[in-house]
Amino acid sequence: MKTKLFNPDASFLLRIKKYLHVSTIVIFVLLALFLLYAIVLSMISSTSYVKTINKAYSDDSTTLVSGKNLISSGLHSEELFLEARLAMLTEDSITLSIDLTDSLIRLEMKGVVVHTARISKIQVSRIFRYLNYQTKDALFGKPFTTGQTIATIPKTEYLLKKVSADSLIQPGERLPDTTHEKAICFLLHLDKNIMIDIRQSGCANDDAYQLYAMRLKRDKYSEVLKGLLKPAVPKYSPVIGIELAKNDARTIYKALPDKPRLALRL
Amino acid sequence: MNLHALFGTSFQQESRIKTIHHPARIEFFKGKLVILQKKYALFILISKYVLAVILLICISLMMVINILPLLQEQGPSLFRIHPNTVSAIDSLTRDHLVEMAENRRINDLRSKLDKQTPKNFYLVINTTENKFRLYSGKSLIREGICSTGSYTLLMDGNERKWKFETPKGIFKVQGKKTNPVWKKPDWAFVEEGLPIPSVNHPSRFEYGTLGDYALMLGNGYMIHGTIYQRFLGLPVTHGCVRMGDEDLELVYNKLKIGSTIYIY
């Protein structure tokens, strides 16, 4: 009798277990498919970026001058860089020129180099290798315009000094000057979706850097998610990572205007 | 045998020579058998060898001239036998020409950019690091510490605000003064908690605080000396640039009215 009473419950539990087992497998498979889809989409996004940008700047009707081949590519990139720097002469504010070939970053004012810093580490997205000649001509022969900037430190910090009506000085209320303690990292969003990530050397363990890196990752994954939900090819942003000495990173960030223009040489 | 019939008159003549001068060899010359004297024979023999040696040297030289560039991969060879030789030469020549043209263009662009740098003395001030550099053209004359704006926001009871910040940009020296006198603006009194005097009140004029020299940058901003030398290298000023006595003297002497000052 006991077994008869117990058996239906056991079978029920077994069925539940089986059901749960099946549903777990289904969920796992679905998740795996979703992940695969996300990976494929993010891979497609990079190739799609190259295709789009190459198509935008390549004119099939014109043939490339054969002289502009690999022999003179180094010279040609220098030529483009100089052209871009010359184009920035019209700018009234401070401009930035990044020379990845010579590992130098310079602040310039009307073509006069006012600050030069050596780049200690460079990381460039592989995507730049696949840009064709005409695209490189179009991209690097002119200065880039910067849009949004993300940074671990503010551009300016003021010491607030309030004086009351009876002209007695009240103690100054200083906004915490954290620029000397925090890691200096900033990201410049350029046109054509290119991003320049400038960091001070050896900041991996810094809290400010961790937050900054998390924000960058969050932005990246949110773009992929947006693409998945639409569904559309997610926006791809090639990144150029640069590491500098802390003083140089701070000087450059503080000196640059809100939307600086910059010349880039790969 | 009739030798005359066989060799003609020349034989007779040469045979005569033979008997007299001990001929060295017999050779055919213009279809006739000629017996040469020993000295002539020697001359011809030597000249043949000399010619051969000259030819050999020429060939060797040509080979060396054409092989060396090939080894160095710098130029085309005249002796290279290849179906695409002509096009390869063309391509190399074209590449070389393009490279030359690009080099020329780069030099032009560089010189255009270099022209932007003042040829005479100019000053560069880094407000973040509170440092200065004095240049003459591209050569650095002196670098050192200075003091720039403190980034203080001063507010009085009437909600008036002053930002003590050194302006960034390109400036020209608008005036130079020795033993400058500081005419204290309103904020100097507000900051000290003193009542603001009239515009030309004697309490507004302070002697010696600005050091021995001052360079005017416009809008009341100056490069001057300081009695607070210990604060050099720190952001403590109300927007002006303070320098040490020796640095200031050099900067004052080198910069003329109209000289450029870059502040970033």
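Proteins come first, then strands; the chains are lettered A, B, ... in the order of their sequence lines, and each starts at number 1.
- Ranked by non-hydrogen atom pairs under 4.5 Å with chain B, the options A:L256, A:V113, A:V114 are led by A:V114.
- Heavy-atom distances place the side chain of A:L89, and not its backbone, under 4.5 Å from chain B.
- The candidate from B:L97, B:L154, B:I125, B:D108 with the greatest count of non-hydrogen atom pairs under 4.5 Å with chain A is B:L154.
- Listed by chain and number, the residues in a side chain to side chain contact (heavy atoms under 4.5 Å, CB included) with B:P197 are B:F189, B:H201, B:S203, B:R204 (sequence neighbours excluded).
- Between B:Y262 and B:Y122, the distance separating the two ring centers is shorter than 6.0 angstrom.
- More than 12 heavy atoms of other residues, nucleotides or ligands sit less than 6.0 Å from atom NZ of A:K155.
- Contacts between B:I196 and chain A at a heavy-atom distance below 4.5 Å are absent for every atom of the residue.
- Electrostatic pairing of B:D247 and B:R142 counts as a salt bridge here, judged by a charged N lying under 4.0 Å from a carboxylate O.
- Annotation: maximal heavy-atom pairing with chain A below 4.5 Å, among B:E129, B:K168, B:K112, occurs at B:E129.
- Heavy atoms closer than 4.5 Å to chain A are found in the side chain of B:K163, but not in its backbone.
- There is no contact between A:E108 and chain B, counting heavy-atom distances below 4.5 Å.
- Few gaps surround CD on B:Q229; more than 12 heavy atoms of other groups in view lie less than 6.0 Å from it.
- Checked against the 6.0 Å centroid criterion, the rings of B:Y213 and B:H224 do not qualify as a close aromatic pair.
- In terms of heavy-atom pairs under 4.5 angstrom with chain A, the leader among B:I106, B:N126, B:T117 is B:I106.
- Heavy atoms of A:L86 lying under 4.5 Å from chain B belong to its backbone as well as its side chain.
- Salt-bridge formation is not detected for the pair B:R110/B:D114: no Lys NZ or Arg NE/NH1/NH2 atom is positioned less than 4.0 Å from an Asp or Glu carboxylate oxygen.
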